[in-house]
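Every value quoted in this text rests on a predicted model; they were computed, and no experiment measured them.
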Number of protein chains: 2
Amino acid sequence: MDLCGSSYYIPIGMEQVATTSRGRPREFDPAQALAAALQVFWRRGYEGASISELTEAMGITRPSLYACFGNKEALFRQALDLYETEKLCYVKTALEAPTARGVAERLLRGSLAIQCSDSEPQGCLGVMSTIAGVTEADCIRDEVLKRRASSNAALLARFCQAQEEGDLPDGIEPDALACYLSTVMQGMAVQASGGASRDTLEKLVQTTLAMWPGR
Amino acid sequence: MDLCGSSYYIPIGMEQVATTSRGRPREFDPAQALAAALQVFWRRGYEGASISELTEAMGITRPSLYACFGNKEALFRQALDLYETEKLCYVKTALEAPTARGVAERLLRGSLAIQCSDSEPQGCLGVMSTIAGVTEADCIRDEVLKRRASSNAALLARFCQAQEEGDLPDGIEPDALACYLSTVMQGMAVQASGGASRDTLEKLVQTTLAMWPGR
DNA sequence: TTCATTATATACCGATAAGTATGAAATGAA
DNA sequence: TTCATTTCATACTTATCGGTATATAATGAA
């Protein structure tokens, strides 16, 4: 796979900036095409998204897709990257909340906001990609699980800090709480995928917070 | 589609019992074959399970599958029926617990037991089938959502009763609690699909119960 | 035995999947 | 202009999908 030349993603360690290309100029914007691909993966899942559907949504031809993004799997990874930076950025700020309960509230509300957008698919791309593809590309599943694990680690670290600050509910360990909160968020994604309304999920967030000891 | 004669599933309203057939006798046990099919659907999801994989696991040929079960979708529905009667039977007894908290505990533990079997796939067939197939056979998704809704209705009814008995946590409505509990169980299924260990899920159940007000 | 009936095995069908070969078109460099 | 380079458009490849046609084998009934 040759990703040199004027390819969109500049190989690591190339001293020569690849913005000035020599041959025929590309007629589409890779960033825009990738955003369109993300929407398709988000709606259909990895296996459910066919190359034909992707190219149509991206407004490019099949060989252009392969030349620019490598193959379906590589395209999906790049879509995942975009999803993380654009949609999961709320996680970082959520972890900066002053209390453990505040972290939970920000995470739940952030998750709600993504999954109930009127203009975007319902549900969570990550949850879809681990569940849907129990068979499929195992590497896809592993990739998503790896990213999820790193996110969980950050949450765990935050709750460890909370424990030191005496900020956790009685008798609950940081890892247990992190796992619990992740689970609720993943359950929320399942609800959203199933077509749950924004009101339903709003109420779900409220209920979860109501169950959280020590308002 | 002709399902008469000695077919396994006797058409409704046939006065003539179909157990005594006339032609060549079937060489496999439909119930056993269906159980094998369930395992495949459970591991792979509806779309992920190919007819070839199904027939191999069922130990029958392709035309036998179609003759006996109709088609892939009909086979899946029958597998769902089997899943409900064999794997989801714990729901019924769970609802008979004396307190709302007892209902939750039985549901969570029952769910745990299914999803952590050593001999069977991890995760929940129902959750897989709604998430995985956001694209795929919409009718499959709708079917599973319909069954889930009926199960949710039963849970809601039980929590309404609990409310009358003054058995609900303060300030929490029956529908909110039912939705919350369903969500946690669905999140558990996501965790299980992702390979979470039995210990992890045990702890998750404990944490969820610890969050439940009023021991 | 003869025949209608049902199940089996094999080989096939059209559709679609992911991925690619090939030649024309558009650029910068020489 | 000439040429190496890169993109684009069309058409193709191989594999697999769900589903079926067809012929043969095994049974009960007449």
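Between the C1' atom of C/dA17 and the CG atom of A/L54 lies a distance of 12 Å, rounded to the nearest Å. Between A/F28 atom CZ and D/dA9 atom C1' the separation is 14 Å, expressed in whole Å. The CD-P distance, from B/E56 to D/dT16, rounds to 13 Å in whole Å. As rounded to whole Å, 12 Å separates atom C1' of D/dC17 from atom CD of A/E47. A/K72 places its NZ atom 14 Å from the P atom of C/dT20, with the value rounded to the nearest Å. Put simply, CZ on B/F41 is 12 Å from C1' on D/dG18, counting in whole angstrom units. Rounded to whole Å, atom P of D/dG18 lies 13 Å from atom CD of B/E73. Whole-Å rounding puts the B/L75 CG to D/dC17 P distance at 15 Å.
For A/I60 and B/I51, each mapped to the nucleotide of DNA chain D holding its nearest heavy atom, the one lying further toward the 5' end belongs to A/I60.
No side-chain donor-acceptor contact under 3.5 Å links B/R106 and B/T93. Remark: the A/Q186 side chain and the B/Q186 side chain contain no N/O donor-acceptor pair separated by less than 3.5 Å.
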What N/O pairs connect the protein and nucleotides 26-28 of chain C at under 3.5 Å? Give each pair on its own line.
{"residue": "C/dT27", "atom": "O2", "partner": "A/R22", "partner atom": "O", "Å": "3.0"}
{"residue": "C/dG28", "atom": "O4'", "partner": "A/R22", "partner atom": "O", "Å": "3.1"}

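Distances shown here put a side-chain N or O of A/S50 below 4.0 Å from the OP1 or OP2 atom of C/dA17.
Looking at every heavy atom in both residues, B/V144 comes nearest to B/F76 through CG2-CE2, 4.3 Å. Looking at every heavy atom in both residues, B/F41 comes nearest to B/A79 through CD1-CB, 3.9 Å.
Of the residues listed (B/E120, B/M128, B/E53), the one engaging B/R43 in a side-chain contact (heavy atoms from CB on, under 4.5 Å) is B/E53, and it is the only one.
Qualifying ring-ring contact (aromatic ring centres under 6.0 Å, His included) partners for A/F159, counting only residues two or more places apart in sequence or in other chains: none. Residues satisfying the side chain to side chain contact (heavy atoms under 4.5 Å, CB included) criterion with A/Q206, sequence neighbours excluded, are absent altogether. B/Y180 pairs by the ring-ring contact (aromatic ring centres under 6.0 Å, His included) definition with nothing, not counting sequence neighbours. Residues satisfying the side chain to side chain donor-acceptor pair (under 3.5 Å) criterion with B/Q122, sequence neighbours excluded, are absent altogether.
Of the listed nucleotides (C/dA17, D/dC17, C/dG19), D/dC17 has the atom at the smallest distance from the side chain of B/S52.
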- Query: Using a cut-off of 4.0 Å between protein heavy atoms and nucleotide atoms, how would you tag nucleotides 10-15 of chain C 5' to 3' with B, S and -?
  - Reply: B-----
